[in-house]
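For reference, the structure is listed below as structure tokens.
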Amino acid sequence: MLTPTSSRVPAKPIASLFDLWKALQNQWRPPGPLAALQNRKLKRLVQTAYRNVAYYRKLFDNAGVSPASIESTADLVRIPITTKADLQGCLSAEVLSKALPADTLSSEHSSGSTGQPFKVYYDPAYRSTRDMLFLRGLLAAGYRWGQKVQLVTDAAKKHKPL
């Protein structure tokens, strides 16, 4: 995570600050404009996934769902559920976007606490956005730049009482 005392500086600090600014603005949007933003992003996500990810193209085609028919969050019920097991049963090439060169992606593994560990791939822009959303959460909780923060995690990936 990006924290003020972290030694990791975002590769593109201006883009990271813009991500933070957007996150701060979006949290106060009125319901109508917020829903419109969510619907635009959903449509773009569904169309991009269909166009670039073999797994999602097959999923939509088998269910008879056209990406153009997904107009709003109300249409989410039309999209078949994808489980962790479904994705684990796929080859990487089936679930990675052809729009992103595989050698530019990073990955993380889940702990596997509910069964098999799960590998997630992401592009560098996602990491920055995730960090800025985390910072937005800290700010909403009263954090101010320069304060120390203690994050309690399970680094050993074992479940122990605190």
Side-chain angles (χ1 to χ4, degrees), residues 1-53 55-56 59-60 65 67-84 86-87 92 95-114 117-155 157 162:
M1 294 291 158
L2 177 65
T3 62
T5 57
S6 166
S7 61
R8 187 175 78 75
V9 176
K12 296 181 180 178
I14 299 300
S16 295
L17 288 173
F18 185 67
D19 286 340
L20 177 60
W21 179 81
K22 286 190 305 188
L24 290 169
Q25 297 302 308
N26 288 342
Q27 71 181 339
W28 303 115
R29 283 182 186 252
L34 181 59
L37 174 66
Q38 290 170 335
N39 292 335
R40 280 193 311 274
K41 287 185 172 193
L42 174 63
K43 286 171 67 169
R44 186 172 62 229
L45 174 67
V46 168
Q47 291 167 356
T48 299
Y50 184 85
R51 185 174 48 252
N52 294 305
V53 182
Y55 172 80
Y56 289 107
L59 182 75
F60 275 63
V65 177
S69 69
I70 307 299
E71 293 287 328
S72 72
T73 56
D75 296 323
L76 285 171
V77 297
R78 300 183 59 230
I79 300 174
I81 300 291
T82 296
T83 66
K84 181 173 151 182
D86 293 336
L87 295 173
S92 293
V95 293
L96 293 180
S97 172
K98 66 182 181 183
L100 299 169
D103 63 343
T104 66
L105 302 177
S106 298
S107 65
E108 292 178 353
H109 286 86
S110 70
S111 66
S113 62
T114 60
F118 187 66
K119 190 172 189 176
V120 177
Y121 296 90
Y122 57 90
D123 69 333
Y126 163 77
R127 183 72 174 251
S128 172
T129 299
R130 182 181 75 177
D131 288 349
M132 293 305 106
L133 289 171
F134 180 77
L135 181 55
R136 180 186 78 176
L138 288 176
L139 292 169
Y143 171 79
R144 294 298 168 252
W145 199 259
Q147 291 179 321
K148 292 185 179 185
V149 174
Q150 180 176 6
L151 300 176
V152 179
T153 64
D154 188 359
K157 306 291 187 217
L162 292 176

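Along the sequence shown, residues are numbered consecutively beginning with 1. What you see is a predicted model; the values in this text were computed from it and never measured.
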| said: Check this for me: Ile81, atom CD1, are more than 12 non-hydrogen atoms of other residues, nucleotides or ligands nearer than 6.0 Å? | reply: no

| Under a 4.5 Å cut-off applied to non-hydrogen side-chain atoms, are Val46 and Ile79 in contact? | yes

| task | Could you verify whether a donor N or O on one side chain and an acceptor N or O on the other, from Thr83 and Asp86, lie under 3.5 Å apart? | result | yes

| Close side-chain approach of Phe118 to His109, heavy-atom, < 4.5 Å | no

| Straight-line distance of Phe134 CZ to Thr129 OG1, nearest 0.5 Å | 15.0 Å

| Distance-only, no hydrogens or angles: does the Thr104 side chain make a donor-acceptor pair with backbone N or O of Pro101 under 3.5 Å? | yes

| remark: All heavy atoms of Gly142 vs all of Gln147, minimum pair found to be O-OE1, 3.8 Å

| Do Trp145 and Leu139 have side-chain heavy atoms sitting under 4.5 Å apart? | no

| Given side chains that start at C-beta, do those of Tyr56 and Tyr50 come closer than 4.5 Å, heavy atoms only? | no

| Taking atom types as modelled and ignoring hydrogens, do the side chains of Arg78 and Ser69 form a donor-acceptor contact shorter than 3.5 angstrom? | yes

| task | Apply the test side chain to side chain contact (heavy atoms under 4.5 Å, CB included) to residues Met132 and Arg127: give CA-CA distance (whole Å), side-chain angles for both, the deciding distance (0.1 Å), then the verdict. | result | CA-CA 9 Å; Met132 293 305 106; Arg127 183 72 174 251; over 6 Å; no

| Hey, is OH on Tyr126 packed in by over 12 heavy atoms from elsewhere, all under 6.0 Å? | no

| field | Spatial distance of atom CG (Leu133) from atom CG (Leu20) [nearest 0.5 Å] | value | 8.5 Å

| said: Tell me which pairs pass salt bridge (charged side-chain N to carboxylate O under 4.0 Å, His left out) where either residue lies in residues 29-43, with sequence neighbours left out. | reply: Lys43-Glu71

| request: Can you see which heavy atom on Ser97 is nearest to which on Val53, and at what distance? | output: CA-CG2, 3.8 Å

| query | Say you draw a straight line from CZ of Arg130 to CG of Leu135; how long is it, rounded to the nearest 0.5 Å? | reply | 13.5 Å

| said: Rounded at 0.5 Å granularity, tell me how far CG in Asn39 sits from OG1 in Thr73. | reply: 5.0 Å

| task | Tell me, please, which residues at least two apart from Leu45 pass side-chain contact (heavy atoms from CB on, under 4.5 Å). | result | none

| Are the side chain of Arg136 and the backbone of Leu24 linked by a donor-acceptor contact shorter than 3.5 Å? | no

| side chain to side chain contact (heavy atoms under 4.5 Å, CB included) assessment of Leu105 paired with Tyr122 | CA-CA 5 Å; Leu105 302 177; Tyr122 57 90; over 6 Å; no

| message | With a 4.5 Å cut-off on side-chain heavy atoms, are Ser92 and Tyr121 touching? | response | yes

| Heavy-atom check, side chain of Asn52 versus side chain of Leu100, under 4.5 Å | no

